[in-house]
Colleague: 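Please find one structure pasted underneath; my questions will follow.
Proteins get letters first, then strands, A, B, ... in listed order; numbering begins at 1 in each. What you are looking at is a predicted structure, and each value in this text was computed from that prediction instead of being measured.
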Amino acid sequence: MNWPMVAFVVLGGITVYSGWRVATAPLVTHAALFLAVTFAGVGGLFFLLQADFLAAVQLLLYAGAVMTVVIFAIMLSEMKDIEEPRPRGWLGALRSPSLGALPFIGAVLLFAVMLVVYLRGAPALPVTPLPAPTNSTVFIAGALFKIYALPFEVASVLLLAAMIGAIILTRVEGGRRR
Amino acid sequence: MNILLYALLKAVIVVAFLGLNAFVLIWAERKISGYIQRRYGPLRVGGPAGALQSAADILKLLTKEDFVPGGADKWLWTLAPAVSLIPAVLVYLVLPIGKTVVLQNLNIGLVFFASVTSFTLLGIFMAGWGSNNKYSLVGAMRAGAQLFSYEIPLILSTIGVVIATGTLTLQGIVEAQAQHHEWFVFPQFVGFVVFYVASLAELNRTPFDLAEAESELIAGYFTEYSGIRWAMFAIAEYSNLFTTSALGVTLFLGGWHGPWLPGWMWFLLKSYLLVFIGIWIRWTLPRVRIDQLMDLGWKFLFPLSVANVLGTALYLMVR
């Protein structure tokens with residue numbers, strides 16, 4: 001029995017299924033929780049690829065922090081937005097009986113592609129892959145803080161600017177809220 | 001096949017410890033709170049000093065009616081206690097109990113610990129939303145804000161230790177302390193204080209139990225739970241109390257390192273000492289207000305932990 005293969009099929013299946021449910025769940029809270037399952041499944045796939053640092057960061061940032069923000073965003077929106085049973089527009093169309101199968105077919109196709117890539121290896125990568133480092137944390141740290149230190153710092157300045165911008169945009173004149 | 005058997009064996013050991021830990025701590029918390037409030041605590045259930053109290057409690061919880069509130073979101077409501085148990089079980093994977101006794105010495109032990117514990121919120125939110133009860137939902141949202149605010153100083157406070165040792169494996173951090181014959185609580189005292197306060201807040205225990213706050217919210221996200229499902233939440237909570245104390249011991253108090261006694265005994269002794277201090281604080285201090293809680297997290301602990309990281313890095317650079 002090929003255990004990594006079994007683990008891949010289980011994790012990939014969970015990831016793709018919950019990804020499909022994110023698109024089709026009628027309640028937005030359920031969609032958010034399925035999103036968390038998707039993130040956790042991707043983290044598990046990273047573990048399977050022995051990218052342990054990436055896996056832990058995926059769990060910490062996406063399944064932990066991003067999910068918290070998503071849940072708060074839902075809770076701070078109005079109740080009628082949450083309870084709306086049938087959204088109109090393209091999302092509503094996707095859930096209608098005629099087109100409802102589309103996300104499912106997409107999810108199945110995605111899973112099939114994942115399985116094929118896993119079994120046969122990625123076809124013709126544009127660059128030759130680096131030899132897998134034994135300790136990926138040290139490797140990532142070296143790349144981030146030595147080789148690519150400048151882009152890393154620029155990205156963090158950009159994020160800081162975005163954060164300050166968001167605070168200024170949402171700030172009410174006069175200091176006090178309401 | 002052997003790998004699978006080993007994995008199963010490890011899981012069984014962890015789950016057995018989870019039960020044992022809850023068994024001891026339910027009694028200990030009642031007894032300690034009793035003495036703090038100048039009464040005897042449990043005495044009459046049987047065993048020395050009423051030690052069978054936990055058995056009676058567990059028996060009561062197991063035989064209660066399995067009640068599902070009407071209008072509950074059934075899937076979320078039933079899954080929530082199990083989901084809240086997952087992080088409680090997973091963190092045992094990386095805790096170094098002795099020199100060679102660790103379930104899996106991961107390269108990224110500390111990051112793994114932090115990332116797994118960030119799942120706790122999902123279980124709480126599922127319970128709060130699934131109960132279809134405003135107290136539950138308010139409690140869950142409070143818990144979310146609190147976990148989110150205190151996770152940042154908690155993680156930052158451990159980074160000082162990581163910089164000093166240059167490793168993320170918990171085993172390596174203990175080895176470094178054993179080598180220098182110095183516990184990190186002394187050079188990293190600020191880090192330890194921030195870590196301990198933030199971990200108490202992460203555990204949702206008084207003085208930070210805003211999420212349960214029985215005088216305002218009945219029981220927060222537990223409100224609709226009873227019997228075995230409530231017991232699962234309680235087991236997870238007591239297990240988290242132990243594991244965060246154990247992480248504090250590993251990072252700051254030398255882990256399993258100590259004279260005369262075998263390593264695992266030192267580890268358990270130190271961990272339960274921190275657990276005792278946690279219980280002591282719970283029954284001594286009153287609950288803080290929600291704005292005080294947020295102020296403490298963002299305006300005091302967060303800058304302090306950042307300053308600690310900077311100070312440690314500077315010291316190591318100029319040394």
Colleague: Checking A65(A) against chain B: side chain, backbone, both or neither under 4.5 Å from a heavy atom?
Modeller: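 Both backbone and side chain of A65(A) come within 4.5 Å of chain B.
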
Colleague: Checking L147(B) against chain A: side chain, backbone, both or neither under 4.5 Å from a heavy atom?
Modeller: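 Contact with chain A is absent: no heavy atom of L147(B) under 4.5 Å.
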
Colleague: Before giving the answer on side chain to side chain contact (heavy atoms under 4.5 Å, CB included), spell out for T68(A) and F125(B) the whole-Å C-alpha distance, their side-chain angles and the decisive distance to 0.1 Å.
Modeller: CA-CA 9 Å; T68(A) 314; F125(B) 178 72; over 6 Å; no

Colleague: Does the pair L60(A) and I155(B) meet the rule for a side chain to side chain contact (heavy atoms under 4.5 Å, CB included), with working shown?
Modeller: CA-CA 11 Å; L60(A) 181 66; I155(B) 292 174; 4.1 Å; yes

Colleague: Could you list all the ring-ring contact (aromatic ring centres under 6.0 Å, His included) pairs where at least one residue sits in residues 295-317 of chain B, not counting sequence neighbours?
Modeller: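 Applying ring-ring contact (aromatic ring centres under 6.0 Å, His included) to every pair that reaches into residues 295-317 of chain B, excluding sequence neighbours, yields W298(B)-F302(B).
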
Colleague: Are there residues of residues 152-163 of chain A whose heavy atoms fall under 4.5 Å of chain B's heavy atoms? If so, which?
Modeller: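 Interface residues of residues 152-163 of chain A: none, nothing closer than 4.5 Å to chain B.
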
Colleague: Among all residues two or more places apart in sequence or in another chain, which pass the ring pair (Phe, Tyr, Trp, His ring centres under 6.0 Å) test with F119(B)?
Modeller: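 If we apply the ring pair (Phe, Tyr, Trp, His ring centres under 6.0 Å) test to F119(B), skipping adjacent residues, there are no hits.
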
Colleague: Is the number of heavy atoms from other residues, nucleotides or ligands under 6.0 Å of K10(B) NZ greater than 12?
Modeller: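 Yes.
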
Colleague: Measure the OG-OH distance between S115(B) and Y62(A) for me, rounded to the nearest 0.5 Å.
Modeller: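 So the OG of S115(B) and the OH of Y62(A) are separated by 14.5 Å.
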
Colleague: Minimum heavy-atom separation for W129(B) to H30(A), with atom names?
Modeller: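 Here W129(B) and H30(A) meet closest at NE1-NE2, 4.4 Å.
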
Colleague: Distance from L121(B) atom CG to F72(A) atom CZ, nearest 0.5 Å?
Modeller: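 Output value for this atom pair is 7.5 Å.
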
Colleague: As a quick check of understanding, evaluate side chain to side chain contact (heavy atoms under 4.5 Å, CB included) for F112(B) and F47(A), giving each step before the final call.
Modeller: CA-CA 11 Å; F112(B) 179 84; F47(A) 265 121; 3.9 Å; yes

Colleague: Can you list everything that forms a ring pair (Phe, Tyr, Trp, His ring centres under 6.0 Å) with Y196(B)? Sequence neighbours excluded, please.
Modeller: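 Once residues adjacent in sequence are excluded, Y196(B) has no partner under the ring pair (Phe, Tyr, Trp, His ring centres under 6.0 Å) criterion.
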
